[in-house]
Amino acid sequence: MAFLYSLGVRLYVFGVHVAALFMPKAQKWVAGRRDWRAHYRANFQKKSRVLWVHTASLGEFEQGRPVIEAFRARFPDWQVVLTFFSPSGYEVRRNYPQADFVAYLPADTRRNAADFLDIIQPDAAIFIKYEFWFHYLAALRQRSTPTLLVSALFRPEQPFFQPWGYFWRRGLKTFTHFFVQNDESAQLLQRVGLQNVTVAGDTRIDRVVASTASPVMGKSGIEVGEVMRLFLSEAPPSLTLKGGAFIIGSSWEADEAVLKPFLMNELQSGHIRKVIIAPHEPSEKNVQRLMHYPNAVRYSQATPETLRAARLLIIDNVGMLNTLYSYGHVAYIGGGFGSGLHNTLEPAAFGLPIIFGPKYTKFAEARAFVERGAAFPIHHSAELLAALQRLADPVFYQNASQAARGFLEENRGATAKVLSFLEQIIGK
């Protein structure tokens, strides 16, 4: 099975190189790993003990971030190495100031794992959520390096828990400890003989709660607050939304197809105050598609005059959506009509009721929000309108808002549990 796994990794790498001939994201994946040994040796020298944190992409980075920052505050003399699998994470956080070295993770081959670990020589390692790279994990165990899996989620259908999943269970056994998000994940691990498990919750909750007090700077050094003050200053009366903007976060075309009839009617009729939309991929193609809405302005080209006149603000960058939620009244989160719902914790931190598509059941926090009456799954435009009409009732809205905040308050503290464990195994 190890041979088939290694073959699969090499075939994947070959496929990415082929895709790089015509796909920009694949080009970045390839370019970021070109001559990586020479680049990493030239740009990283171990000067003290090293914590290595690996995340797949930007979303997982937000789960690892509170741990990194708490660790940095507790152990200022350590170096922190941060790696990404995906360009969407690396390109945004390549200059993350809390890490001494930020890089792509080389493909998971036996030689790459050995060479990479020889270069960074980690004294402890943390993998975030779904990252299971067999050769890296095996090499870490051979070197007796404490290795944690943080904010992990497991499901019964995963190969670890199948009769034929012995190879994958071998990978799990390399971890020193698991910090999982829920009881179901802990029970699944215990069912296959793994008792080194703590139900800690999602470290991302600590991050989003903390971020509500952290302003994000906008274009040309202007705070987002000034942009939003101008955008909302000429807002007309609303029939369905009272207060801030209707914010559409991380949308895909499938989401926009459901939203379009409603938005076209509302933007033309003046029923809705203002709308902010942040596409999941703020490419020029996606931004131009959204510019077809009436009274739309893109963030990077907005002026005080166009902001006041606009009804729809299109966010054509990444990294500021979490702050924009503080100016919202209701949030629609994209991905629920595709393969994966995006971040629902960020709007919840600001007490926004949440709307999303029907494919949300893989996400524990989304299920919890629906069960508590803080979120409302929809299948079509009519259900979107119905949800907004219910939220126009002040009592109903307040209950939904409090339910969203209540879930976060009840589930804080995962970062402290991880840090406490690290203190025990690496020394104070």
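Side chains are part of it too, since the values below use all heavy atoms of this structure and drop only hydrogens, waters and symmetry mates.
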Q) So, R367 side chain and T361 main chain: donor-acceptor pair closer than 3.5 Å or not? A) yes
### Query
Is there side-chain contact between N286 and L290, with at least one heavy-atom pair below 4.5 Å?
no
key: Intermediate values then yes/no, side-chain contact (heavy atoms from CB on, under 4.5 Å), I378 and I355   = CA-CA 7 Å; I378 63 167; I355 301 171; 3.8 Å; yes
Any Q398 side-chain heavy atom under 4.5 Å of V395 side chain:
no
Check your understanding: Would you say R33's side chain and W29's backbone share a donor-acceptor pair under 3.5 angstrom?
Key -> yes
Open item on the list: With a 3.5 Å distance limit and no angle check, can you tell me whether Q158 reaches the backbone of R155 through a side-chain donor-acceptor pair?
Closed with: yes
Next on the checklist: So R93 and E62, do their side chains get closer than 4.5 Å, heavy atoms only?
Outcome noted: yes
Rounded to the nearest 0.5 Å, the CZ atom of F85 sits from the OG1 atom of T55 at a distance of 11.5 Å
One should read off an interatomic distance between L259 CG and S251 OG, to the nearest 0.5 angstrom, of 7.5 Å
* Asked: Is there a donor in the side chain of D316 and an acceptor in the side chain of S300, or the other way round, less than 3.5 Å apart?
  -> yes
Min side-chain heavy-atom separation L408-R405 under 4.5 Å: no
Report the relative orientation of the aromatic rings in H39 and F101; use parallel for angles under 30°, tilted for 30 to 60°, perpendicular for over 60°. tilted
Between E365 and R372 (salt bridge meaning N to carboxylate O under 4.0 Å), is one present in this structure? no
Of all heavy-atom pairs linking P106 and Y136, the shortest is O-OH, 2.9 Å
On a heavy-atom basis, the closest approach of Y104 and K28 is OH-O, 3.6 Å
d(I119 CD1, Q45 CD) to nearest 0.5 Å is 10.5 Å
Looking just at side-chain N and O atoms, do D206 and T203 make a donor-acceptor pair shorter than 3.5 Å? no
Practice problem: Let me see the working for L321 and I247 under side-chain contact (heavy atoms from CB on, under 4.5 Å), right down to the final yes or no. | Solution: CA-CA 9 Å; L321 182 56; I247 300 183; 4.3 Å; yes
Q. For the side chain of N265 and the backbone of F262, is there at least one donor-acceptor N/O pair under 3.5 Å apart?
A. no
Whether W78 and F71 hold their rings parallel, tilted or perpendicular, with breakpoints at 30° and 60°:
perpendicular
Close aromatic pair by centroid cut-off 6.0 Å: F396 and F376: yes
Contact check, side chains of F179 and S151, non-hydrogen atoms, under 4.5 Å = no
All heavy atoms of N112 vs all of R37, minimum pair found to be OD1-NH2, 2.7 Å
Rounding to 0.5 Å, atoms CG (L422) and CG (L148) come to a distance of 5.0 Å
Should N196 and T176 be marked as a side-chain contact (heavy atoms from CB on, under 4.5 Å) after you check the CA-CA gap, both sets of side-chain angles, and the distance that decides it?
-> CA-CA 7 Å; N196 50 333; T176 307; 5.7 Å; no
> So, for F231 and Y327, is the gap between ring centers shorter than 6.0 Å?
Replying inline: no
So CG of L82 and CD1 of I68: to nearest 0.5 Å the spacing works out to 5.0 Å
Test salt bridge (charged side-chain N to carboxylate O under 4.0 Å, His left out), reference D100, set K46, K47, R72, output is R72
Checklist entry - Does the distance from a Lys or Arg side-chain N to an Asp or Glu carboxylate O, for K129 and E60, drop under 4.0 Å? => result no
task: Specify whether F175 and F127 have parallel, tilted or perpendicular ring planes, treating 30° as the upper limit for parallel and 60° as the lower limit for perpendicular.
output: perpendicular
### Donor-acceptor under 3.5 Å (R49 side chain, I426 main chain)
yes
Looking only at heavy atoms, the pair that brings P282 and I315 closest together is CB-O, 4.2 Å
Donor-acceptor under 3.5 Å (D108 side chain, F134 main chain):
yes
- Message: Using a 6.0 Å cut-off, check whether atom CZ of F14 has over 12 heavy atoms from anything other than its own residue.
- Response: no
Original post:
Taking D255 for the side chain and G335 for the main chain, is one N or O donor matched with an acceptor at less than 3.5 Å?
Top reply: yes
Is Q181 reaching over with its side chain to a backbone N or O of V150, donor-acceptor style, under 3.5 angstrom? no
Between L341 and K359, the two heavy atoms sitting closest are CB-O, 4.2 Å
Please tell me whether W52 and F116 form a close aromatic pair, meaning their ring centres lie under 6.0 Å apart. yes
Margin query: In the structure I gave you, are the side-chain heavy atoms of L313 and K274 within less than 4.5 Å of one another anywhere?
Written below: no
Report task. For the pair F132 and F154, name the ring-plane relationship: parallel under 30°, tilted 30 to 60°, perpendicular over 60°. Result -> tilted
| request: Kindly indicate whether the side chain of V418, heavy atoms from C-beta on, has any atom under 4.5 Å from the side chain of P66. | output: no
Quick one: do the S86 and S88 side chains pair a donor with an acceptor below 3.5 Å? yes
message: Is the shortest side-chain heavy-atom distance between L307 and V227 below 4.5 Å?
response: yes
Are R65 and E69 ion-paired here, with the side-chain N under 4.0 Å from a carboxylate O? yes
task = Report the C-alpha distance between K260 and Y293 in whole Å, list the side-chain angles of each, state the deciding distance to 0.1 Å, and finish with yes or no for side-chain contact (heavy atoms from CB on, under 4.5 Å).
result = CA-CA 9 Å; K260 185 175 181 178; Y293 281 108; 3.5 Å; yes
Value for CH2 (W36) from CG (N43), rounded to nearest 0.5 Å, stands at 13.5 Å
Subject >> Polar side-chain atom of Q121 near backbone of L117 as donor-acceptor pair, under 3.5 Å >> reply: no
Is it true that E284 and R298 make a salt bridge, defined as a side-chain N closer than 4.0 Å to a carboxylate O? yes
_Ring-plane angle category for F407 and F369, please: parallel below 30°, perpendicular beyond 60°, tilted otherwise._
perpendicular
Polar side-chain atom of Q79 near backbone of S48 as donor-acceptor pair, under 3.5 Å: yes
Of all heavy-atom pairs linking A245 and L232, the shortest is CB-CD2, 4.2 Å
